[in-house]
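Written below as structure tokens is the structure these notes are about.
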There are 2 protein chains.
Amino acid sequence: MRSNAKRASIKDVAASAGVSLGSVSRVINMAPNVSPVVRERVERAMRELDYTPDQAAQALRSRSSRTVGCMFTDVANPLYARLYQTFETKLRKAGYMVLLANSLNDLQRELEILSMFQSRRMDGAIIAPGHERDPLLLQAVEKLGLPVVVLDRDMDVPHDRVLFDHPRGVKEAVLHLAHLQHRDVGLLIADMPNRPMRRRLEGFKSGLKAAGLTFRPELVVRLAASTGPAFDEVTRLLLSAQPPTALVTLGTSVLADALNAVAALGLKTPDDVSIVSLGDPDFARHHRPSITSLAIDHEVAAEAGVTMLLERMRGTAPAQPREAIAPAHFVARESTGLAPGTHRRTPKKQS
Amino acid sequence: MRSNAKRASIKDVAASAGVSLGSVSRVINMAPNVSPVVRERVERAMRELDYTPDQAAQALRSRSSRTVGCMFTDVANPLYARLYQTFETKLRKAGYMVLLANSLNDLQRELEILSMFQSRRMDGAIIAPGHERDPLLLQAVEKLGLPVVVLDRDMDVPHDRVLFDHPRGVKEAVLHLAHLQHRDVGLLIADMPNRPMRRRLEGFKSGLKAAGLTFRPELVVRLAASTGPAFDEVTRLLLSAQPPTALVTLGTSVLADALNAVAALGLKTPDDVSIVSLGDPDFARHHRPSITSLAIDHEVAAEAGVTMLLERMRGTAPAQPREAIAPAHFVARESTGLAPGTHRRTPKKQS
DNA sequence: TTGTACGCGTTATCAC
DNA sequence: GTGATAACGCGTACAA
């Protein structure tokens, strides 16, 4: 139902309160130099007319929309949904609203979104583009002309960034497995040229190295999509000549596929195959067995991102781009155990 | 990095192209009456100056922000994340951006958000407030003064709505269980006075009735939160004097708790306890056993919602509020089976 | 302390 | 077809 009467403007309020436009404006913007009596009358008039300042006019005049743009590839990703929620809550407290755009990993769409951010006079943006290496995207981000925080992307642009500590996290996971005597560890990631995947692989390799294990490329599976089917791939991996005794895998649906594939082969977790999840989906805690996982600290990530963005928007940040690292917390649960065979052996104590 | 040079305005474009403001505006808005030569010159000037129309000015002048506001209680709810994604994609095609606000089920916040939608000249809104029964909220929604689509809420406001077919869905689930000879069915929902919970209970009762079973109030557990811990409640239920042989439960984390509780008691699904999930989380398909679920058709829901909103925004909708029903698809999987004991009995064929 | 007037970047209504 | 010009609603110097 549309309101029948036209919206009240600042002019109406002024008339109704018997003061000038300027005074009303001063009340709205909480200017110090306004007498209590005028303020009172204006506030009453605003209430009576149910007045709300027109944001478009304010934005035009003050060149600020009090809005932050958020570009993710996909909010359906639980981690990003959580992050968004925290972003929005914190930014709201600071008086901003948030525009959320899902790029669905489509380059054209990402460019459009960035252009929208610009024409809509966003005061700032938080972005995690899919095409972090594309020249067009990089150029668009570079000349965005507004405060930006980049989320877990390796982009050579002069903006603040929040990086998730995949390398250290995955390394820790691999060391955990090595400690449990696993020597052949598989990795299931997505075949996408983005930071999360690159850094996970990096951490994987460095973990192996630190444990004195050799990297076997054939144990790395690169899935077409991070939510894509993985059942066949995992099955193939487990049926290969020298199969892994442990898997480090993307969370949620890939994890589910992996568990399923393991079970379908009549194998048990962790007795036959240990499993570590990258990301800590809801069911990891409750699954039987519960799933050992690596969880990005989204509270820290969101806090750091918003803080940097607010400082930058207020102009209280140093010119130099800054960088924050959000830790990945490794949570050992029941899905990881001693490598098969090793529990029969007596642990070597010396030499 | 902030852009050093000021943004080009329509004035600059006009000057650079050697035409008047009006002509540029006509090109931008694709008015029919503009000569090819002028159009060409304007377009070149726009490209050269990297001109983008100022959305704030457009909004002020045309009284339309080309933006739709979305208010959910929580995007971290996978169903709503999915819905949002579809909303955004479809609305983008129609030239709108979307503002997403999580109310976190906080009344004050919901009121603020609605007020924001108003002052920001949203062209429309899609809302699923937590406080659907609160007079203040209802009043705020009623006098919102813009096209609104209400999502799965029973609110007496003159707006279009999309309702999820919980009653029929849950009824079907109960009938499915009754067909499997279950006579004592438990229900785990949240203790919130909102449509989803009310309608689920309604469907539950009507399912029992249709199956000729008696409703046992003590088998209905109302959890404090829809993501809240349910382990103890489920345990208590299963240890009661006349325990249910089947559970209909909220999805995701409550479902996980339920599975966990069942397993912790040494019971098996579906042999000892059958389970139906309300909502179809990622892991339902892959869990062992896979989980019988009830899934709202989010494609249908989103499509209906956006279509109604667009029509309403374009003014091509009838004055009368409309209503669309999004079906709930029941998917029988492995977590539901014959009630314990019944498989030994020979099914009665006559009389 | 308060009022006035101008301009922010557009769109729309006129004449031409 | 094209070019002036008046709004749109508000912030802000500046004058009072």
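Chain letters run A, B, ... following the sequence lines, proteins first, then strands; residues in each count from 1. All values reported here derive from a predicted model rather than from experimental measurement.
- Rounded to an integer number of Å, the gap from CG of Asp12(A) to C1' of dG9(D) is 10 Å.
- Counting only distance, with no hydrogens or angles, the side chain of Ser25(B) and the backbone of Leu21(B) share no donor-acceptor pair below 3.5 Å.
- Between the Asp152(B) side chain and the Leu163(B) main chain, no donor and acceptor come within less than 3.5 Å of each other.
- Although no hydrogens or angles enter the test, the distance criterion places no donor-acceptor pair under 3.5 Å between the side chain of Arg153(A) and the main chain of Arg133(A).
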Applying the Watson-Crick and G-U criteria (both distances under 3.5 angstrom) with [ ] for crossing and | for other-strand pairs, one obtains for DNA chain D ||||||||||||||.|
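- In this structure, Ser23(A) reaches the dG3(C) phosphate: one of its side-chain N or O atoms is under 4.0 Å from OP1 or OP2.
- When all heavy atoms of Phe87(A) and Ala302(A) are compared, the closest pair comes out as CE2-CA, 3.5 Å.
- Taking 4.5 Å as the limit, every side-chain heavy atom of Ile127(B) sits out of range of all side-chain heavy atoms of Leu151(B).
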For nucleotides 9-16 of chain C, 5' to 3', base contacts (B), sugar-phosphate-only contacts (S) and non-contacts (-) with protein non-hydrogen atoms under 4.0 Å give BBBS----
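- Between Tyr84(B) and Phe72(B), the ring-plane angle classifies as perpendicular under the 30° and 60° cut-offs.
- Residue Glu110(B) comes nearest to Asn105(B) through the heavy atom pair OE2-CA, 4.3 Å, listed as atom of the first residue, atom of the second, then distance.
- Across every non-hydrogen atom of Arg82(B) and His298(B), the tightest pair is CD-NE2, 3.5 Å.
- Atom-to-atom, CZ of Arg41(A) to C1' of dT1(C) comes out at 14 Å; the value is rounded to the nearest Å.
- OP1 or OP2 of dT2(D) lies within a sub-4.0 Å distance of a side-chain N or O belonging to Ser35(B).
- Rounded to whole Å, the distance from CE on Met30(A) to P on dG11(D) is 12 Å.
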